[in-house]
Amino acid sequence: MAVNKALEFKLEAVGCASTGNLANSVAANAAAAGLPSFILIPDSLEQNKIIATSIYGANLIAVRGNYDDVNRLCSQIADRHPWGFVNVNLRPYYAEGSKTFGFEIAEQLGWKVPDSIIVPMAGGALISKINKGLHELERIGLIDGPVSTRFYGAQAAGCNPIVAAVKRGSIDIRPVKPNTIARSLAIGNPADGYYAAGFIMKSGGTAEDVTDQEIRDGIQLLAETEGIFTETAGGVSVGVTQKLVQQGKIDRKGITVIAITGNGLKTPEAVQLQAPQVIDAKIDAFEELVKGAAYVA
Amino acid sequence: MSLKVVIPAPLRKHTGGAEIVEIDAGNVQEVIDKLDARFPGIRSSVCDDSGSLRRFINIYVDGEDVRFLENLNTPTRDGVEVAIIPAISGGCGL
């Protein structure tokens, strides 16, 4: 949506500050629209996210520092150049685009709304935009109201300014310096944190955080039980869901949606897996390998 | 001897369009006071009624957010860059 608006406004280029996933999206959509793109990322970003941006021919610039440093620089660039930065001067359109996440949830549930949604939070915009999407579907009659979904925010313990605010019962965000493997969520001064914290509490939900090891465990659990390989942000969502269920804050009998917002191939560094066992191309070698396994007759 | 204040586009209506303003000041509070003396009205855009930094305004001294330093009491030596940068957010209304 933001790139289409950039075309409509006759902007000369598009760009974004990104922890990786937005970078991939903006670069791809700019390529399809025939616009040059300037993508600014923290210099510590995972290699696969860099590949998945560079491939589209984007001008990819790694900035020394964290996302908050990148975001500050993008605000200054957007001030000087006739370019559209999707999460700066095109932010209203970019944010509206996030509503489609809410549309897809309702559609995939057969035009129903869930009782609970667990959403990973970086800048904090997605959680309230999902709610906006659900309410718009109610307004046009595609789903029955009133929407009473409880929203639960998820962050890494190493970057948890919104969770900390909710736990204090406050909407005042105290910025932090991120230190987590969940780099896609590593925004220490979240622009929409104030709205996210207020909205979570108003919905009757809450917020929780997980350690880096709990993130890895969440990635593994989702893969082994649902067949879905997620990147670190999804590991945060799964880990937080586990915690909230154990704390009795999420009703086990209700419909619960866990927002998995990225593919695991983007952050393979986060998981440590065993190398495959190597055998000769002989049936005896295979039989020897699987001997004693419960599923072998 | 002075320091350089970077004014964001939304506040340049106060500075006659100037992006960079040079000022003498010993800390961030003094920067705001002196800016407002020269360009009346700029303080209320940056600070709330209690004098605290507004929620969606960030001030950086040589690239560091003053919220990680001493907020409005953060010292500003000569030659530093003080950047005022509004955060862009919102759009939650139904």
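All values reported here derive from a predicted model rather than from experimental measurement. Per chain, numbering begins at 1; letters A, B, ... match sequence-line order. Note that these values count all heavy atoms, side chains included, but never hydrogens, waters or copies made by symmetry.
- Considering only heavy atoms from C-beta on, B:Asp65 comes within 4.5 Å of A:Asn189 through its side chain.
- Taking both residues in full, the closest heavy atoms of A:Ser75 and B:Ile85 are given as CB-CG2, 3.6 Å, listed atom of the first, atom of the second, then distance.
- Note on ring orientation: taking the six-membered ring where Trp is involved, the planes of B:Phe56 and A:Tyr195 are parallel (angle under 30°, cut-offs 30° and 60°).
- A distance of 8.5 Å separates CD1 of A:Ile173 from CZ of B:Arg55, quoted to the nearest 0.5 Å.
- Heavy atoms closer than 4.5 Å to chain B are found nowhere in A:Lys99, neither backbone nor side chain.
- For A:Lys202, the NZ atom counts as loosely surrounded, since its 6.0 Å shell holds 12 or fewer non-hydrogen atoms of other residues, nucleotides or ligands.
- Counting non-hydrogen atoms of neighbouring residues, nucleotides and ligands closer than 6.0 angstrom, the CG atom of B:Asp48 exceeds 12 such neighbours.
- Salt-bridge annotation for B:Glu81 and A:Arg72: absent, with no side-chain N of the basic residue lying under 4.0 Å from a carboxylate O of the acidic one.
- Taking B:Ala9, B:Pro10, B:Pro8 one by one and counting their heavy-atom pairs under 4.5 Å with chain A, the maximum is reached by B:Ala9.
- Heavy-atom neighbours of A:Lys112 NZ from other residues, nucleotides or ligands within 6.0 Å: at or below the threshold of 12.
- B:Arg67 has its side chain out of reach of A:Val176: every pair of non-hydrogen atoms, C-beta onward, lies at least 4.5 Å apart.
- Residue B:Asp62 qualifies as enclosed at atom CG: its count of foreign heavy atoms under 6.0 Å is above 12.
- Using a 4.5 Å cut-off between heavy atoms, A:Arg174 makes no contact with chain B at all.
- Heavy atoms of A:Pro175 lying under 4.5 Å from chain B belong to its backbone as well as its side chain.
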